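Values in this document were obtained by computation on a predicted structure and should not be read as measured data. Just so we're on the same page: letters track the sequence lines, and every chain starts at 1.
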Amino acid sequence: MFSFGNLSFLRKQESIKNMQTKDLHSWDLSYSQAIALQKSVACKVQFTPLKKLPKLIAGIDCAFSKDGKKIIAAVVVLKLPDFVPAETTTALRKVTFPYIPGLLSFREAPVCIAAVEKLKTGPDIFIIDGQGIAHPRRLGLAAHLGLFFNKPTIGCAKSRLTGYFEDPPLEKGAYTLLKDKKSVNQNTQYAIRDYRCSS
DNA sequence: GCGACAG
DNA sequence: ATCTTGTCGC
């Protein structure tokens with residue numbers, strides 16, 4: 001039986017845009033409730049194209065203390081298009097949530113948010129160390145933070161969480177699709193379910 | 001029922 | 001994530 005905190009912002013799914021950092025600390029929900037809430041939030045996500053080119057881009061990554069009891073987030077803001085460093089911040093929190101594949105947000109989002117809230121500049125877009133919508137419920141850490149910040153985010157994970165893919169050619173701009181089965185069959189479906197029209 | 005599984 | 005050891009490629 002699991003019981004975890006840090007889920008109130010999902011509880012307030014009807015007002016994602018107004019979520020506050022303080023909302024991240026007060027509720028205890030079960031593992032299955034957390035999953036249900038991720039699905040519920042993902043239902044409401046809509047994609048909107050960028051209207052103008054970003055001028056500031058931020059990168060976020062987390063590290064842990066040697067004893068594993070503290071989590072540290074660092075944010076680096078770069079000016080575009082020349083990538084000149086503009087600002088950096090860090091934040092440190094106690095670790096309050098275990099690592100569970102699919103629920104990384106509840107472990108890393110709070111400290112990431114704390115670090116971003118220290119920024120004096122307002123980045124137009126974020127690159128985040130984790131999956132975005134390439135997630136079983138379309139709500140990886142990067143997608144989650146994108147909703148929280150109400151800004152575009154790019155999930156930049158170092159390995160696969162869900163689905164299968166073939167390595168793309170080693171050429172600039174090359175890509176392959178994430179599929180739902182370990183197969184070279186071209187007819188396999190796209191791995192990332194769309195929750196916008198389902199429960 | 002069993003394996004897979006971001007950081 | 002972090003640590004440690006073993007293997008591989010340049």
Side-chain angles (χ1 to χ4, degrees), chain A residues 1-2 4-7 9-10 21 24-25 29-42 45 47 57-76 88-116 125-149 151-170 175-185 188-195:
Chain A
M1 187 62 166
F2 297 96
F4 302 131
N6 296 346
L7 298 171
F9 54 109
L10 286 180
T21 303
L24 294 170
H25 311 277
L29 294 183
S30 70
Y31 176 87
S32 58
Q33 282 176 309
I35 290 172
L37 286 169
Q38 283 185 331
K39 289 183 186 177
S40 179
V41 169
V45 174
F47 294 96
I57 185 165
I60 310 176
D61 196 7
C62 291
F64 291 82
S65 62
K66 217 166 186 177
D67 64 10
K69 292 181 178 176
K70 294 171 189 169
I71 182 170
I72 300 99
V75 183
V76 177
T88 73
T89 59
T90 61
L92 188 151
R93 291 287 167 94
K94 284 182 179 175
V95 171
T96 60
F97 202 89
Y99 170 69
I100 299 169
L103 298 179
L104 182 66
S105 300
F106 308 119
R107 181 172 172 85
E108 296 199 352
V111 70
C112 291
I113 290 165
V116 167
I125 189 167
F126 294 82
I127 297 179
I128 294 164
D129 70 316
Q131 302 289 3
I133 60 172
H135 176 278
R137 294 167 295 282
R138 296 176 64 90
L139 205 74
L141 175 64
H144 188 133
L145 289 176
L147 292 175
F148 195 96
F149 298 147
K151 292 280 166 97
T153 52
I154 300 168
C156 190
K158 294 178 284 294
S159 62
R160 170 188 68 88
L161 171 62
T162 191
Y164 298 89
F165 63 93
E166 296 179 68
D167 288 331
L170 263 45
Y175 70 92
T176 58
L177 297 179
L178 193 62
K179 303 291 185 64
D180 68 353
K181 286 178 184 172
K182 189 172 187 177
S183 164
V184 295
N185 186 342
T188 53
Q189 295 296 305
Y190 187 50
I192 309 306
R193 265 190 65 194
D194 192 334
Y195 281 95

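No side-chain heavy atom of A/E108 sits less than 4.5 Å from a side-chain heavy atom of A/Y99. Residues A/L145 and A/F126 form no side-chain contact, since every pair of their non-hydrogen atoms from C-beta on lies 4.5 Å or further apart. At least one side-chain heavy atom of A/L141 sits under 4.5 Å from a side-chain heavy atom of A/D129. Side-chain atoms of A/T96 and A/F106, non-hydrogen and from C-beta on, never get closer than 4.5 Å to each other. A/Q38 has its side chain within reach of A/L103: a pair of non-hydrogen atoms, C-beta onward, lies under 4.5 Å apart.
Separating the NZ atom of A/K70 from the C1' atom of C/dA1 is a distance of 16 Å, rounded to the nearest angstrom. Between the P atom of B/dG7 and the CG atom of A/L104 lies a distance of 8 Å, rounded to the nearest Å. The distance between atom CD1 of A/I100 and atom C1' of B/dA4, rounded to the nearest whole Å, is 15 Å. The separation between A/Q131 atom CD and B/dA4 atom C1' is 14 Å, rounded to whole Å. A straight line from CD1 of A/I72 to C1' of C/dA1 spans 10 Å, rounded to a whole angstrom. Distance, A/E108 CD to C/dA1 C1': 7 Å, rounded to whole Å. Atom CZ in A/R93 sits about 22 Å away from atom P in B/dG7, given to the nearest Å. Straight-line distance from the CG atom of A/L103 to the P atom of B/dA6: 12 Å, rounded to whole Å.
Judged by centroid separation below 5.5 Å and plane tilt below 30°, A/Y99 does not stack onto the base of C/dA1.
In this structure, A/G155 reaches neither bases nor backbone, as no heavy-atom distance under 4.0 Å exists between it and the strands shown.
In terms of phosphate contacts, A/K158 brings a side-chain nitrogen or oxygen within less than 4.0 Å of OP1 or OP2 of B/dG7. Within the structure, a side-chain polar atom (N or O) of A/S159 is placed less than 4.0 Å from OP1 or OP2 of B/dG7.
Residues A/R138 and A/A143 approach most closely at O-CB, 4.0 Å, considering heavy atoms. The two residues A/I60 and A/F149 make their nearest non-hydrogen contact at CD1-CE1, 4.3 Å.
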Report each atom pair, protein N/O against N/O of nucleotides 2-7 of chain C, whose distance is under 3.5 angstrom.
| residue | atom | partner | partner atom | Å |
| --- | --- | --- | --- | --- |
| C/dT2 | OP1 | A/F64 | N | 3.4 |

